[in-house]
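Below is one structure, written out as C-alpha cells; the observations come after it.
When a ligand or atom number is given, it counts from 1 through the structure's own listing order. Reckoned from all heavy atoms, side chains included, excluding hydrogens, waters and symmetry mates.
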Amino acid sequence: MAVEGYDVAQICQNGHVANKFTHRYPENNQDFCQTCGTATMTICPACHTPIRGGYWDPFVDRYEVPKFCINCGEPFPWTDLKIKAANDLAGMLESIDDSDRQMLEESIAELTKDTPAIRVAAVKFQKVMAKAGKNAASAFRDILIDVFSETARKILWP
Ligand SMILES: [Zn+2]
Ligand SMILES: [Zn+2]
C-alpha cells in the first residue's frame, strides 16, 4: 500500500521516536522504547488523533517530534514531562523566590510556542536564569531545549 504525505509516528512517553513511518514500515514498530523502556504510542492520549509522523519524500529525511497535538492542541506527554521537570528544578533552587518561580513557569509556557509574547517571555526567562546561577541555567537548557520553539532557541541559545 502506497502511503503519500505524512505517515503516523510511534513515540514513547519521553519523546523518543520508535518509528516515524508506522504505515510504511510497520515491521519497525516497537511496543516499548528501546532507549528508556516506556510504552510507545501512535495516537494523542487526549483526543486519539494519530500522531503526525515523517513526511514521505525520498529526498527529505527530516523529522521533528511534535510538541503539541495538531488536532486538540494538548501538549504530548513528553512535552509535559519536560516542563514539569523544569518547574520541579525551579522548586528546589534556593537562589530564586516564589515570584521568580511564577515568572519562570509563565515564561516557559510561552517559550514552547511561537507567540507574539515570546520576546518578553525570553527576557523574563533570562532574568530568572541570571538569579538561578550558571549550573542551574545549564540544567534548564538541557531540559528545555527540545520543547522550546525554534524562535525561542535562537533568542536564548544562539
Ligand atoms: Zn523512550
Ligand atoms: Zn490530541
Side-chain angles (χ1 to χ4, degrees), residues 1-58 60-93 101-102 104-122 124-125 129 132 135-157:
M1 184 184 80
V3 181
E4 298 299 327
Y6 289 103
D7 207 305
V8 172
Q10 188 182 45
I11 301 175
C12 85
Q13 311 276 331
N14 289 311
H16 303 125
V17 180
N19 186 1
K20 61 182 174 177
F21 295 115
T22 59
H23 287 171
R24 186 168 279 263
Y25 299 124
E27 66 274 23
N28 292 346
N29 284 351
Q30 306 166 26
D31 289 340
F32 293 94
C33 176
Q34 62 182 3
T35 304
C36 72
T38 61
T40 57
M41 62 190 92
T42 54
I43 55 170
C44 167
C47 72
H48 304 123
T49 296
I51 299 170
R52 182 174 272 188
Y55 188 83
W56 187 254
D57 179 340
V60 181
D61 184 25
R62 186 173 176 276
Y63 180 62
E64 195 169 337
V65 175
K67 289 178 281 202
F68 299 93
C69 173
I70 53 168
N71 183 58
C72 71
E74 285 294 311
F76 284 117
W78 46 91
T79 307
D80 262 346
L81 284 171
K82 283 173 187 159
I83 293 171
K84 190 178 173 299
N87 288 322
D88 284 351
L89 176 60
M92 290 188 292
L93 295 177
R101 284 186 194 101
Q102 177 82 29
L104 185 65
E105 194 171 337
E106 289 165 8
S107 68
I108 289 172
E110 291 294 338
L111 290 163
T112 58
K113 305 164 193 167
D114 259 329
T115 69
I118 201 160
R119 300 244 160 216
V120 182
K124 288 181 181 170
F125 183 82
M129 288 303 104
N135 289 339
S138 88
F140 280 112
R141 182 184 190 276
D142 289 348
I143 296 168
L144 293 167
I145 195 157
D146 290 337
V147 286
F148 278 4
S149 73
E150 212 176 317
T151 310
R153 290 197 296 255
K154 276 186 190 147
I155 300 170
L156 294 167
W157 305 301

Please give the atom name: the N, O or S atom of His16 nearest to the Zn ion (ligand 1). ND1
Quick check: does Cys44 put an N/O/S atom under 2.8 Å from the Zn ion (ligand 2)? yes
Carefully, step by step, assess Lys82 and Asp146 under the rule salt bridge (Lys or Arg N to Asp or Glu O under 4.0 Å). CA-CA 9 Å; Lys82 283 173 187 159; Asp146 290 337; 3.8 Å; yes
Only to 10 degrees, please: what angle do the SG atom of Cys69 and the SG atom of Cys47 make about the Zn ion (ligand 2)? 100°
With a sphere of 6.0 Å drawn around CD of Glu27, does it hold more than 12 non-hydrogen atoms of other residues, nucleotides or ligands? yes
Apex the Zn ion (ligand 1) - arms SG from Cys33 and SG from Cys36 - angle rounded to 10°: 110°
Any side-chain donor paired with an acceptor under 3.5 Å for Asn29 and Thr22? no
Centroid separation Trp56 to Tyr6 less than 6.0 Å: no
